[in-house]
Every structure is written in structure tokens, then in C-alpha cells.
Amino acid sequence: MFIALIGVDHKTLEWTQKYLQEVHGFILLQVCCDSQKEKTANDTKYFNSTATMIDYATERWQNNFVTPSLDSSSSVDFDLFLRRPFTLLVAVETTLANMMQNMQSIGHKNGHSFTINQFADFYDTTYKARRDKISQAHINIFNPYTNEQDYISLLHSVNLLDEQRLRPNWDTYFMELADLASQRSNCMKRRVGAVLTQDKRIVSTGYNGTPKGLTNCTQGGCPRCNNGVEQGFAECLCLHAEENALLEAGRTRIGDSAVLYCNTCPCLGCAIKIVQTGIKEVVYNQAYRVDDKTAQLFENATVSCFFTNFFTLIFTIYPLLTHLNLKRPTNNLMKQPPSDKSTTDDDSTQSSDEHDNPDDPDNKDDDSEATLSESEMVGEKRKRRSGSGSRSGSGRIVEEGIIYNHDIRFISFSFNPSIELVGAATKLGLTVTSDLTSSDLIIYESCQVELTQLSHPDNSVCQHWITDSAAANTTLPICLYNLNTSYDPNAFEDPALDIQPDSTSKYACWRTHPLVSPNEELVDALRVLKQDRIARDEKWNALAYTRALSMVKSFPHRIRSKDDILLSVPASDDEEDAASAASTYKHPRTPTKPVKNIGDKKIKAKIEEWLNYGRVYEAEKIRGSDMHSIYHSLYSIQGIGPKKAFELSRSGVRSVDELVDNGKITQDDATLAQHLNNSISRDEVERIANYVMGHARSLLAHPSYAICGGFRRAKPMSNDIDIIITQHGASVAQLNHFLVALTDSLQSTGFLTKLMRQVSLCVASNRRKEDHDYQSTMLGVVESSRKFGTSEGEHPQYRRLDVIVAKPASFHLEILSWTGSVMYERDLRSYVRRHKLKLNASSVYNDTTDEELDLSLVRSERHLLRVLRLPWIAPQYRNCD
DNA sequence: TGGCCTACG
DNA sequence: CGTA
DNA sequence: GCCA
């Protein structure tokens with residue numbers, strides 16, 4: 001792949017280029033004259049002209065290259081670049097404010113500053129020069145952030161290495177042809193196109209309009225369409241695109257595996273004809289009013305019907321959903337006037353309590369008296385109760401129950417953020433409101449959206465609902481918030497009250513760990529060493545590497561010298577400060593505390609080696625060894641852990657196939673392992689979860705749920721689907737019954753194909769004899785198919801599905817536990833243990849008395865962490881492993 | 001020199 | 001010991 | 001392997 005970057009903002013360009021080089025190993029190619037070459041001495045290749053650069057990359061097309069030099073190329077060279085089949089043109093942009101600031105900072109270095117007018121001139125000229133090129137970009141990335149880490153996470157989720165962009169798959173190919181056909185439409189109402197295929201060959205195409213020989217609809221040929229009113233369907237003279245494609249093909253040319261591609265969902269009339277002509281599959285990419293009826297008809301007639309436009313729609317709708325500097329509507333909505341004195345009194349005690357953040361966690365190491373006593377918990381509880389329903393300060397509009405009774409949906413977007421929200425929302429027929437209780441969609445500044453389903457008629461929860469509503473022009477109330485990230489609308493607590501993360505803590509649960517570290521290669525090397533230690537059965541050695549790895553991962557900047565990592569960065573809450581540290585940390589800084597979990601001997605030496613030579617010799621050696629790769633392929637099989645994988649690979653087993661041949665495992669096991677190794681797109685995770693919740697809703701009145709695991713940590717691809725379900729007010733017996741029924745229901749449709757574990761809700765507790773632990777998990781394998789958006793093609797894919805049914809009081813704790821990552825969870829428990837509490841996925845105990853703490857008044861994960869005196873780290877910053 | 005997360009099957 |  |  002050969003990526004060319006174009007854009008005006010040098011910082012965004014630089015971050016993108018660095019990301020490709022450092023995270024994905026792209027080689028930098030540049031065009032420049034000889035005099036400029038000296039300045040860098042790394043792997044960069046220089047060329048005298050764009051043409052020679054393109055030739056160079058063409059000869060080495062299997063490698064990955066990136067160049068920022070294309071926006072100064074001639075149009076001939078530019079076209080040459082685009083003509084190659086392995087090239088991708090990526091345009092990156094940022095906000096005007098960012099751009100100005102970045103220019104100012106350069107200006108300052110050179111001793112002059114810009115006026116607004118000078119900036120405008122600069123922008124106009126540079127943008128004008130690039131405009132034509134930008135318009136041809138395959139991907140436009142908009143960077144709203146001032147912070148490199150956030151931008152890198154965004155880049156990561158765009159998945160620039162996706163081969164699909166270089167060469168469309170069949171669906172995309174035919175769909176684009178259908179779109180092209182729609183351009184020939186002559187109907188006043190809507191441009192629709194269709195392509196009929198058989199065995200990947202086009203049989204016919206069609207677009208909508210009046211029949212041959214009649215005046216075109218666009219010339220007034222159809223009175224109904226020209227009337228402007230959505231009525232008189234029966235008087236319409238226009239043929240639909242689908243009809244035209246069918247008529248053009250004729251009954252005899254339609255085989256028994258024909259696929260019809262339509263750029264709009266077929267209407268009921270067309271659907272009838274589609275069924276009658278024997279078409280087996282319909283693929284469409286724009287929702288239409290009659291989707292439900294059409295879907296029903298197709299289902300009855302066993303015609304498969306797929307909606308493919310998920311990502312495109314999200315990409316178009318996304319700009320209006322995110323990242324505005326909108327203030328949280330505290331003033332008019334959240335802050336109700338104190339209605340009575342008791343409320344005010346309560347608030348004052350409350351806030352003084354909650355402002356009381358704990359000391360630096362490391363200082364507490366010396367202070368064994370510091371515990372989270374149960375009396376504190378009870379105190380918390382009492383206050384909540386006394387202030388019930390009308391606390392002021394923060395979060396009183398959304399009290400327990402209002403949203404809790406409905407489906408909670410967590411969607412993490414990290415795509416192109418917005419330029420203008422309100423205007424675009426209006427264009428799509430969406431209403432922007434500040435009334436939470438009447439809204440269906442809550443938008444957070446940090447690119448996260450939640451559907452609360454307060455008024456959606458069929459009570460289904462999925463992103464398609466937003467997009468379909470937009471396409472059907474129905475009104476969709478939106479509520480805007482400026483919170484940081486949260487999955488839970490209940491969590492409208494004041495972020496200012498949160499305990500702040502501390503990047504110097506030895507506990508992973510106190511630090512932030514982005515999806516992709518600026519030091520990803522070092523992290524990877526440490527991962528290899530960790531895996532090697534596990535394989536060698538050196539458990540504690542492996543743990544040390546895991547800890548060191550997460551420490552490096554939480555390090556906010558690119559490590560360039562040993563001073564960077566061996567002297568910790570002074571903790572700073574100030575974003576600006578943290579960002580500017582990136583440029584200043586080269587200079588000697590005041591030594592603060594040494595970085596934890598990186599000892600004086602071994603791991604420090606590895607890191608220094610990496611700094612000096614750009615690699616860790618031992619890691620390279622392990623990576624290159626046969627044992628290593630064989631071990632990994634064996635390890636990937638269910639039931640084969642580190643021990644067995646090590647033993648087998650040592651006893652001379654070379655591959656998984658060999659195990660099958662020896663009869664040690666069945667072919668089915670091997671296939672399953674292969675399937676489970678494939679990662680799952682966010683789209684598919686959501687569709688599967690939505691399907692499961694469809695079943696859940698037929699068994700429970702108002703289930704609440706959250707998708708956790710890697711998905712919640714904003715990973716672009718997941719390994720499995722983790723769904724936590726509860727129902728407000730449900731008894732343990734009801735929930736127990738529910739899980740059994742849900743399992744049956746999923747099995748009866750053939751979706752759930754294998755059950756690996758089902759735990760009853762009432763497990764005899766080993767801590768208290770006569771009472772029970774309340775938790776229930778169903779671990780299984782489901783068969784995902786194209787309708788769920790599998791990316792592996794036509795064949796069904798097995799996916800791991802974990803359904804966890806939580807008792808309402810443990811809901812947030814279960815979510816916290818099932819979100820991970822492993823290191824985060826480990827240190828979470830480690831930390832509370834040191835404070836005389838014991839924590840598992842469903843409950844918190846007093847470690848000495850074994851008494852369970854009552855969490856029934858905990859309103860959110862955020863709240864829970866505050867109760868535990870821990871900082872709330874946004875899920876996308878919990879990627880510690 | 002002892003501890004390193006916790007639970008289930 | 002394997003898995004979440 | 002690292003920490004207390």
C-alpha cells in the first residue's frame with residue numbers, strides 16, 4: 001500500500017505520518033532537492049521527482065509506503081499516483097482554531113506572529129492550491145483534537161490499512177454501479193438505480209422514470225410526481241428501478257442464484273415482483289419508509305435481504321453528531337432552582353464529602369490505616385437516600401428509574417468529527433433539544449452517542465435507527481451534552497468531582513492507557529517477552545513484564561531518551577501542559593519519582609537497549625523462532641493453554657493440522673479455533689448484540705444492557721461479544737429464568753450453536769454458607785452470517801458470545817468488571833484489597849468481616865468508582881494490556 | 001523474603 | 001490447568 | 001521480575 005497524505009495543517013500531517021511509520025511500519029518517501037536531504041538520517045528515502053518516487057514504490061508494491069510530498073506534485077504525476085491500484089490518497093484536516101494555533105507556535109519560534117488576516121490569506125492560498133486534490137481523496141480525516149493520543153486513537157479506528165479501500169468487494173462494486181444507474185433516473189421524486197446480477201455477472205440494470213415513449217417524469221410526464229405532495233401513489237406513471245431491471249432481464253434470464261442490488265430499499269410492490277421472479281438475494285444501501293413491510297415479505301418468501309450502507313451512512317451522519325464545543329446545558333436544564341432548604345443542606349454536606357479526594361495513591365502505600373471503611377459506604381448511602389429525587393449540584397434530572405427502565409446503548413464513534421451540528425441536524429430532519437426526558441439520542445462531546453429509546457416506537461436499539469430515521473425524515477429529538485465519555489446516561493455527575501488519574505501510580509487502574517501507544521514498538525517487544533515467559537511457565541516473570549508494559553503504555557509521549565522513562569513526568573491535569581510536554585521533555589526535567597514497575601535491572605536494560613538500537617534483541621530472537629510461531633498457533637485453540645501449547649510444541653508438533661491428523665483434536669475444533677481467531681468489526685458486534693437483545697426483549701419487559709469487552713474500550717475490532725443485561729426491579733429468580741429462556745430461544749433459531757458454560761444465578765457462595773452470589777453468565781458460540789455484517793465473505797462465521805445477566809444492584813460493577821482490560825481489573829482488585837475490601841464481578845465485600853456492601857444505590861460506573869475512591873478512566877483509556 | 005486478581009469448571 |  |  002502506498003499512502004499519500006495531503007492537507008494544510010502540518011501537525012496533523014506529521015501525526016498521521018508518524019502513526020503510519022511507527023505503528024504500522026510504513027516507509028517514508030519524500031521528494032525534495034539535494035540540499036534538504038541532510039537534515040534526517042533515518043529510513044526515509046528521497047527522490048528528485050514524484051515520478052521516480054512512484055516508480056520506486058511500484059517496484060516494491062508489497063511494502064507499505066507513505067509520502068507527504070504529493071500536494072506539491074504536478075497534476076500529471078498526481079494522476080499517475082491515483083492510477084496505480086495500490087495507492088490511497090488521504091486528506092487530513094483540522095479545525096481552524098487548531099491550524100491557527102499550530103501556525104502561531106511555528107511563528108513564535110521564528111520570532112513573528114500572525115494576524116487573523118495573514119492567517120486567512122495563508123489558508124485561502126494553501127487550501128485553494130490543494131482543493132482539487134483534496135476532492136479526489138479516498139479518505140478524508142478530520143482531526144478535532146489538540147492531543148496526539150486522541151487523534152491516534154481516531155486514526156486507528158479509521159483502519160487505514162483496510163484493503164477494501166484499494167479494491168472494492170463485489171457488493172460495493174455492484175452497489176456503486178447501482179448508484180451510477182440511478183444518475184440516469186428521470187423521476188422527480190427520487191433517484192433510484194438497480195443492478196441485477198447472476199454469478200457475479202451483470203444481467204441487467206435499471207433506473208426509475210416514466211415508460212419508453214412517454215414524456216420523462218422530469219419534463220412533467222408524471223402528474224403525481226410533479227404534484228409535490230406525497231399522495232396518489234396509484235396514479236404514478238413511473239416505473240421503479242427494480243421493475244426496469246427485472247423487465248429488462250426477462251424471466252428466463254434470471255437464474256436461481258440471482259442477486260439484485262438496489263441503492264434504495266425496494267418498495268412493497270417491487271418486493272412482490274422480486275419474489276415472483278425467483279431472485280434469492282436483495283442488497284440495498286439506503287433505507288426507505290417501507291423497510292419493515294418489505295423485510296417481512298422477503299422473510300416469508302425466504303429471500304435474503306441485506307442492508308449494506310451502514311458505514312457510509314454513519315460517515316455522513318457522523319459530522320453532525322460529534323465534537324462541538326457546546327456547553328452542557330446545565331444552566332437551563334440540569335440546574336433546577338433549589339426547591340427547598342433540605343435539598344440545599346443536603347447538597348452542601350454532599351459536596352464537601354465528594355470533594356474530598358484521596359491522597360496520592362503512592363503515599364498511601366506507607367499508610368496502612370487508610371481504608372475504605374464500611375461506615376463511609378453507609379454514609380454515602382444514607383445521603384443518597386435522604387436526597388432522593390431532588391439533590392442539586394449535579395445529575396438530578398436523571399434519577400434512578402427514568403432511563404434505567406430503558407435500553408441503554410453505548411456507541412463509540414471515533415470517525416470524522418463535526419464542523420457544524422445544528423445546521424446539519426436540521427437538514428436531516430432532526431430536532432435539537434435540551435430536554436433530556438424527551439430525547440432519544442444523547443450526544444457527548446467525546447464522540448459517544450447513546451440511544452435511550454424513550455420514544456422510539458418499536459423499541460429497537462441500533463444505529464440503523466438513527467440512520468433510517470434520518471433517511472425517512474422523521475423527527476429525532478437530540479440532546480447535547482459536553483460530558484467526557486460514559487456509557488451511562490445516569491452518570492451525569494460533575495466530572496470536576498472525579499478523582500483524577502495519576503500517570504505515575506503503580507496501579508493500572510489509576511492511569512490512562514490509550515488504544516495505541518506512542519511507543520507501540522516497545523510495547524510490542526515487551527509483549528513478546530511476556531508471552532515467552534508465559535510459555536516457559538515463568539508466571540511471575542511474565543507478570544512483571546505485563547506490569548512494565550502497561551506502565552510504558554500509559555506513558556503519554558514518545559520516549560526518546562532514557563531520561564524520559566526513568567524520570568517520570570510530573571503529573572499534570574492541564575491538557576495544554578501535557579501536550580506541550582511533548583516538545584519540551586527533551587530538556588532535562590526535574591527528577592520526580594522513578595517510574596514504577598520498571599526495575600533497576602532487567603526491564604530497564606531492555607528499554608535502554610530499545611532506545612539505543614531501536615530493537616530488543618531477545619524479542620527479535622523470539623519473534624523469529626519457529627517454536628514461537630508454532631506455540632502461538634497451538635495456543636489459539638480452545639482448551640490448549642500455555643502449558644499444553646508449550647509441551648506440544650516441544651514434543652515436535654509443527655502445526656494444528658498435525659494435531660488433527662494425530663486425532664488429538666477434531667477438525668471441528670480446528671475450524672472453530674480458526675473462526676474464533678478472526679476479529680469482529682464494531683458493526684457486527686452491534687448487530688449481534690441487537691439480535692440477542694431482540695430475543696431478550698421478548699422475555700423481559702425493559703431490559704437494560706451494555707456491550708462491554710474490547711468493544712467498550714473503543715477497539716476497532718473485537719475478539720468476542722460481551723453483553724451485560726439486567727432489568728430494573730427484577731428478582732433473582734426472574735433473572736435466572738430469563739437466562740435459561742434466552743439460551744433456549746437463541747438455540748432454537750440455530751443462532752447459538754455451542755454452549756461452553758451456563759452458570760446458574762444462585763451459586764453457593766464460598767464466603768457465606770447460607771447465602772448466594774448472584775451472577776449468571778452464558779458463554780457460547782454463535783453462527784454469524786452476512787446479515788450481521790461478517791467481513792469474511794459468504795460463509796457463516798463462528799463468534800464467541802458472552803451474555804452476563806446481572807442483578808440490578810450489581811449492574812455497574814459487572815460492567816466495570818467485563819470491560820477490562822486484564823491489567824486494569826487486576827490492579828483494581830489489588831488496590832481495593834489493600835484498602836480492606838474485596839471485589840469481584842458481582843459484589844464488594846469487607847475483606848475482614850466478609851460482609852457484602854450494598855451497591856443498590858450506585859447509579860453508574862462513574863459513581864461506583866468514586867465510591868471506591870478510584871478515578872474514573874474513560875473506557876478507551878483502559879487498554880492497559 | 002513473600003506476594004503478585006478472582007472466580008468457575 | 002484453562003478460561004473469562 | 002519487581003515491590004515493599
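Chain naming here is simple, since letters A, B, ... match the order of the sequence lines and numbering starts at 1 in each.
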Taking 5' to 3' order, which nucleotide of DNA chain C is first and which is last to have an atom within less than 4.0 Å of a heavy atom in chain A? C/dC1 to C/dA4

Side-chain N or O of A/Arg547 closer than 4.0 Å to phosphate OP1/OP2 of B/dC5: yes

Rounded to the Å, how far apart are A/Leu549 CG and D/dC2 P? 13 Å

Within this structure, what is the CE-to-C1' distance between A/Met778 and B/dG9, rounded to whole angstrom? 17 Å

Report the distance from atom OH of A/Tyr507 to atom P of B/dC4, rounded to the nearest whole Å. 11 Å

Does a side chain donor of either A/Gln797 or A/Asn678 reach within less than 3.5 Å of an acceptor in the other side chain? yes

Starting at atom NZ of A/Lys506, determine the distance to atom P of D/dC2, rounded to an integer number of angstrom. 14 Å

Contact class for A/Ile603 (heavy atom, under 4.0 Å): base, sugar-phosphate, or nothing? sugar-phosphate

Distance, rounded to the nearest Å, where A/Leu868 contributes CG and B/dC5 contributes P: 17 Å

Rounded to whole angstroms, how far apart are NZ on A/Lys539 and C1' on B/dC4? 8 Å

d(NZ, A/Lys604; P, D/dG1) in whole Å: 15 Å

Give the minimum heavy-atom separation between A/Glu783 and A/Pro796, together with the two atoms involved. CG-CB, 3.7 Å

Distance test, side-chain N/O of A/Asn840 to OP1/OP2 of B/dT6, below 4.0 Å: no

Closest heavy-atom pair and its distance - A/His695, A/Thr749: CE1-CG2, 3.7 Å

Tell me whether A/Trp540 and D/dC2 count as stacked here, given that the ring centres must be under 5.5 Å apart and the planes must differ by less than 30 degrees. no

If every non-hydrogen atom of A/Leu549 is compared with every non-hydrogen atom of A/Arg527, which pair is closest and at what distance? CD1-CG, 3.2 Å

In whole angstrom, what separates A/Arg536's CZ from D/dG1's C1'? 15 Å

Can you label the angle between the A/Tyr507 ring and the A/Tyr831 ring as parallel, tilted or perpendicular, going by 30° and 60°? perpendicular

Donor on one side chain, acceptor on other, A/Arg878 and A/Thr512, under 3.5 Å: no

Touch class at under 4.0 angstrom, heavy-atom based, for A/Ile640 against every strand present: sugar-phosphate

Of the listed nucleotides (B/dA7, D/dG1, B/dC5), which one gets closest to any side-chain atom of A/Lys602? D/dG1

Which pair of non-hydrogen atoms, one from A/Ser842 and one from A/Glu814, has the smallest distance, and what is that distance? CB-OE2, 3.4 Å

What distance, rounded to whole Å, do you find between the two P atoms, one in B/dC5 and one in D/dC3? 15 Å

Report which part of the nucleic acid A/Ile637 touches: base, sugar-phosphate, or nothing (heavy-atom distance under 4.0 Å, all strands). sugar-phosphate

Go through B/dT6, D/dA4, D/dG1 for me and flag the one nearest to the A/Asn541 side chain. D/dG1

A/Arg833 side chain, from C-beta outward: closest of B/dT6, B/dC5, D/dG1: B/dT6

Can A/Ser843 and A/Asn840 be counted as having a side-chain donor-acceptor contact under 3.5 angstrom? yes

What distance, rounded to whole Å, do you find between the two P atoms, one in B/dC4 and one in C/dA4? 24 Å

Does the side chain of A/Arg826 get closer than 4.0 angstrom to OP1 or OP2 of B/dC5 through an N or O atom? yes

